[in-house]
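Note that these values count all heavy atoms, side chains included, but never hydrogens, waters or copies made by symmetry. From a predicted model like this one, the values you see are computed outputs, not experimental measurements. In what follows, every chain begins at residue 1, and chains take the letters A, B, ... in the order their sequences are listed.
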Amino acid sequence: MGGIQKKKYERGSATNYITRNRARKKLMLSLPDFRRLCILKGIYPHEPKHKKKVNKGSTAPRTFYLLKDIRFLLHEPIVSKFREYKIFVRKLRRAYGKTEWSAVERLKENKPAYKLDHIVKERYPTFIDALRDIDDALCMCFLFSTFARTGKCHVQTIQLCRRLTVEWMNYVIASRALRKVFLSIKGIYYQAEVMGQLITWLVPYQFSHDHPTDVDYRVMATFTELYTTLLGFVNFRLYQSLNLVYPPKKLSALSSSLARVVSSSEEEEAKLDQFPDEEEQKQLETQKKIFEGLKFFINREVPRESLAFVIRCFGGQVSWDKSVCIGSTYDVTDETITHQIVDRPNVDKQYMNRYYIQPQWVYDCVNTKMRLPVEDYFLGVTLPPHLSPFVEEKEGDYVPPEKLKIMALQRGEKPDEEEDEEEEEEEEEDENEEEEDDEEEAEEKNLKKMEEQRSQGKSLQVKVTPGKVKAENRARLEQEEKAEEKRLAIMMMKKKEKYLYDKIMFGKKRQVREANKLAAKRKAHDDAEKAKKKKARK
Amino acid sequence: MAARRRLKRVAASQSGFLSFKSPSDTTASVGSRRKRVNKNKKKNWNKYSDVNDVDEFLEDIRHQERTTGGLLSEKTDDSLFFLDLGQPEKPQPQAETPQADEGKKRRGKASRPLRIDLILQPDSLVPPPKDILAYQQPNAKKLRRIAQKAEQLAAKGVVPRKQKRLLNRRPVDKTVKKAVTEANNNPDRDYYDIWGQEPKVSADPWYLQQTGKKLVKRPEKLNEKPSVLPAVEVIAPGGSYNPDFFSHQALLQEAHQVEVQKKKQEDKLERQLAINKEDKATEETNLREQVEGLVEEEEENNVEESAPSKEDEEAALAAIAVTQKKTEKQIKKEKAEKLKEQQRLTSRRQTEQQQQLFQLRSIKASIRQQEEKTKSKQMQRRAKQEAQKAQPRRLGKLKFQAPDLDVQLSDELAGSLRQLKPEGSILKDRFKSFQKRNLIEPRERAKFKRKLKVKYVEKRAFKEIT
């Protein structure tokens, strides 16, 4: 054994990782500052594959960071800003303690502040990178904008978030980018398509708010700090792409349009004309204008912002009561209002030429990309269920009958009549079925009689009637031929192959079986409801 | 002696003061002899002039002015006297007056000022003299003249130099506090095109690097996302505020499964901790345990133990003696056996090799089977790895606790948007999402740890009772 002995844990993975405390000491920062720095720079802890090696033989749970990441952090200029802030706090506390108020004023005026622009540029070198990560940023900004303005987090952050979210919503309205909306029990999910990227974000309801205690507010505030910066720059770029002036003025109410700010509107229309006339484009265009020409009025008890946003995204005009918020353009008494959105069981004064509907109509129209019949959403009517547009059903899966109806509507088939008429139809169908059953029974009886007669050796009194020529469908013939061929091929398979084939078909048919089961359940459920209704009527 | 005489003189000069000597004596002895005093000297004005009457008169006048605000002789008759014509009739009923009096009394008591305050007020009706100094301005005339001149000039249009300079001065820009505008969360901060601009690399790169102004390049590995999960996971269709029956049931079923798993875990623990009732210690068994080995059956045990041990020793000795004799033969035998074994093995190996030629097909089949096994195992392992990527990593002391499913029971479902009661908190949801995607390590609220133990001490009073 010549030469220097190799010592354990001096090479390989053990030297690539560093524990959190070591990293913190290397950077000379306190733990909350270190956490903040890591969040801002996008440096995340890693779980090493062989923990025992990295941890030098022990399996104690520790947080590990890559050593190269920490070395990269050392060059960050805002690290010095953190240290300056620490010193500033110390000096301020001293001045307070000695009650030197002039010193306090002076220190407060020169409070060290840092900007995160270079970090955003470093983490998202291109605009498309930033757009990919904008989901998180939108969720956090919308969440913070709904916070109450108590002192828990900086009021300026809340104001900034509010401004950025309103700007984003106005951009989506101007570019007609909204595609899907889903009202869930948690909040409202939106999905928009911006520059080819699908962006999903979640907005809480305005009227909820319990602040849970086990959430770390400092961490969330740090994330928000970074995301507000990012969202601001993204907004600027998006507005620039539409040739709109940034920052836009007088936007808080979402009722004013952005077109008044620039000469852009003409350019926009010119751009639209230049699109090649493809079918898909046409479809998309019509889909973007579902509410074109309609005038809406939102009642006081309905969530105004969400509805205003959605309606304006699809070309409609919207207004609300003056006492709710600034920016209402027309009043309840306006005669040209076509739809009024109400959520109460009844309204006092009813105008003649407008529909009174519940808010779900708007969202369902957006999801099905067409104007649904308004009758199902009148006041006091039980609404059809609000289906999620984020679910894509595969073949053979269970599809709720409401969705089937909607798909039929989309294909352009005649919409079903109202519920009462439906029920009557169903009743008639039932009666028909019963009649048919009776007929069948009668036929069976006849057959039995004939058999008996045959067995008894009597000649059947069967008449030979001229045969009817069945209209042969060519398509049907082809299908039958194909089926025949398939059956032959199956018969000619070897045993092993047939075994595999059976297995595959079993698996495929399983889904269909499940769907049938669920459909049967649904039918049973509907029948039970109908029976209940009948009882109630009687 | 001179002082005494002076005193006597002074006393005698003041009216009403009886001198020490009796009047009969003084008049008789001194009588006509009166000292001649020069009243023209200032020294004697105080001593010998009698101004008491004047003093009295003036005092009287001052007293009148203080108390009544003027000389009584100058007052009108009406202010001093009134004609007493008897009490007028009171038309009000008697019942009210006591109440009114009581009210007044109470109010009067509350509203009447304190006597100590009254005593300290000035009660003289003579008004205090005007403070002339307050109106005196030594250069009033000069100032008046200057003001008049300035008015005349202003009327003409001539502006004094100072005013001209003041008007020409540039207006001060009211600067908002630098700290507020520079802060990152200033609500009025402006953004610019961060991706469009070219970087301001004007200086030499070597210079920038040496002075530490060059921005270090971000390592490529940091651009990878720590998790493949999407940022926002949309809730299942059963989570709609007005869900379809079956999707809602499916969601409820999932939540139910979670609860069932929890219950199973608890039951498992309970089962593991359960002990038979009969195995529990009773007093009897305790006693028996303690008394074991102490009862008087020792002698029999000793006898039994000694016998078997002897036999063992003999057997051991015998064994050793026997082996020594036969070892050499044994060694030779063993060697021969070994050789035989080796030969057998080599011949066997040869025959096997020859036979393998005929076994090729089965060998191929077995190889193929092994390969398939390894392939399937590889696929499984890869699938497992992929699944692992979607799992949250273990970063730090705490494990990731999956958040509870947000679900509303059938009777909690609201029929309309107005009656909807939102479930779950988005703040918590986002926090958990960050943990799930390995952006932060799972954290829980810090517990309150006491550095010093709390000591409970009874109060003295209670100590006496208990």
Side-chain angles (χ1 to χ4, degrees), chain A residues 42 44-45 47 61 63 68-69 72 75 109-111 113 115-117 120-122 126-127 135-136 139 143 154 156-157 159-160 163 183-187 189 200-202 204-205 208 210 212-216 219 225 232-233 236-237 240 301 343 359 383 385-388 390-391 398 400 518, chain B residues 177-179 182-187 189-196 215-216 218-219 221-222 226 230-232 234-237 239-247 393-397 406 408 415-418 420 422-431 434 438-441 443-445:
Chain A
Y44 311 118
E47 191 190 9
T63 319
K68 285 197 181 152
D69 294 351
F72 169 62
H75 299 290
E109 267 177 44
N110 295 328
K111 180 173 167 175
K115 280 243 164 93
L116 299 174
D117 304 357
V120 167
K121 174 89 176 135
E122 176 197 297
T126 64
F127 178 54
D135 289 10
D136 251 336
C139 288
L143 176 63
H154 289 189
Q156 297 151 319
T157 313
Q159 284 174 340
L160 183 60
R163 169 192 148 194
L183 291 164
S184 77
I185 49 180
K186 254 202 261 195
Y189 289 90
T200 320
W201 73 96
L202 172 59
Y205 287 116
S208 62
D210 47 332
T213 48
D214 50 351
V215 172
D216 193 349
V219 161
E225 226 182 293
F233 286 119
F236 183 90
R237 188 61 184 253
Q240 213 185 43
E301 67 274 359
D343 211 354
L383 295 167
H386 180 62
L387 302 166
S388 164
F390 293 97
V391 164
Y398 170 70
L518 283 172
Chain B
K177 291 204 183 144
K178 172 183 145 220
E182 265 194 17
N184 201 36
N185 57 0
N186 178 22
R189 69 167 285 178
D190 51 299
Y191 297 95
Y192 51 93
D193 189 3
I194 200 175
W195 291 285
L215 287 171
V216 181
R218 188 180 170 94
K221 228 184 176 187
L222 282 175
V232 177
V234 185
I235 200 173
S240 160
Y241 89 103
N242 181 10
D244 174 45
F245 178 68
F246 283 116
S247 31
R393 316 261 89 211
R394 178 74 189 272
L395 312 152
K397 203 161 73 159
D406 285 319
Q408 276 190 338
S416 78
L417 198 57
R418 186 170 53 102
L420 172 68
E423 186 86 21
S425 150
I426 295 199
L427 187 61
K428 209 168 172 186
D429 167 68
R430 287 279 99 212
F431 191 56
F434 285 145
N438 308 323
L439 298 177
I440 50 178
E441 58 198 35
R443 300 190 57 208
E444 66 176 17
R445 197 177 173 80

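Interface remark: B:Asp193 contributes backbone and side-chain atoms alike to the contact with chain A (heavy atom separation under 4.5 Å). In this structure, the portion of B:Ile440 lying under 4.5 Å from any heavy atom of chain A is its side chain and not its backbone. B:Asn438 touches chain A through its backbone: at least one of N, CA, C or O sits under 4.5 Å from a heavy atom, while the side chain does not. At a 4.5 Å heavy-atom cutoff, the contact between A:Phe390 and chain B is made by side-chain atoms alone. For A:Glu47, the parts lying near chain B are the backbone and the side chain together; criterion is any non-hydrogen pair under 4.5 Å. Looking at B:Glu182, the atoms closer than 4.5 Å to chain A (heavy atoms on both sides) sit in the backbone and in the side chain alike. Interface residue B:Phe434: only side-chain heavy atoms are found under 4.5 Å from chain A. For A:Phe72, the part sitting under 4.5 Å from any heavy atom of chain B is the side chain, from C-beta outward, and nothing else.
Across A:Ser388, A:Gly187, A:Gly42, A:Pro45, the residue that shares the most heavy-atom pairs under 4.5 angstrom with chain B is A:Pro45. Interface summary for chain B: among A:Val391, A:Leu116, A:Asp136, A:Val219, the most heavy-atom pairs under 4.5 angstrom belong to A:Asp136. Interface summary for chain B: among A:Gln156, A:Lys121, A:Lys115, the most heavy-atom pairs under 4.5 angstrom belong to A:Gln156. When A:Asp216, A:Thr213, A:Asn110, A:Thr200 are compared by the number of non-hydrogen pairs under 4.5 Å with chain B, A:Asp216 comes out ahead. Between chain B and the options A:Glu122, A:Glu225, A:Lys111, the largest number of non-hydrogen pairs under 4.5 Å is found for A:Glu122. Of all the listed residues (A:Asp135, A:Leu183, A:Val120), the one sharing the greatest number of non-hydrogen pairs under 4.5 Å with chain B is A:Leu183. Ranking B:Val234, B:Val232, B:Asp190 against chain A, the residue ahead of the rest is B:Val234, based on heavy-atom pairs under 4.5 Å.
With contacts defined as side-chain heavy-atom distances shorter than 4.5 Å, the pair B:Asp429/A:Leu202 qualifies. Using a 4.5 Å cut-off on side-chain heavy atoms (C-beta onward), A:Cys139 and B:Arg430 make contact.
Summarising the geometry, atom CG belonging to B:Asn186 is positioned 13.0 Å from atom NE2 belonging to A:His154; distances are rounded to the nearest 0.5 Å. For the atom pair CG of B:Leu420 and CD1 of A:Ile185, the computed distance is 8.0 Å after rounding to the nearest 0.5 Å.
Around the NZ atom of B:Lys221, the shell of radius 6.0 Å holds no more than 12 heavy atoms that belong to other residues, nucleotides or ligands.
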For this session: Could you check B:Lys428 against A:Asp214 for side chain to side chain contact (heavy atoms under 4.5 Å, CB included), going step by step and ending with a plain yes or no?
Result: CA-CA 8 Å; B:Lys428 209 168 172 186; A:Asp214 50 351; 3.4 Å; yes
For this session: Would you check, one step at a time, whether the test side chain to side chain contact (heavy atoms under 4.5 Å, CB included) holds for B:Ile194 with A:Arg237?
Result: CA-CA 8 Å; B:Ile194 200 175; A:Arg237 188 61 184 253; over 6 Å; no
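Across every non-hydrogen atom of B:Leu417 and A:Pro359, the tightest pair is CD2-CG, 4.0 Å. Here the shortest heavy-atom pairing between B:Tyr192 and A:Phe233 reads O-CD2, 3.1 Å. Residues A:Asp117 and B:Arg189 approach most closely at OD1-NH2, 3.2 Å, considering heavy atoms. Closest approach of B:Gly415 to A:Leu383, counting heavy atoms only: O-CD1, 4.1 Å. Nearest heavy atom pair, residue B:Ala183 against residue A:Ala113, reads CA-CB, 4.0 Å.
A:Thr157 places no side-chain N or O within 3.5 Å of a backbone atom of B:Asn185 that could act as its donor or acceptor partner. Looking only at distances, a side-chain donor or acceptor of A:Asp343 sits under 3.5 Å from a matching main-chain atom of B:Arg418.
Below 30°, between 30° and 60°, or above 60°: for B:Tyr241 and A:His386 the angle between ring planes is between 30° and 60°, a tilted geometry.
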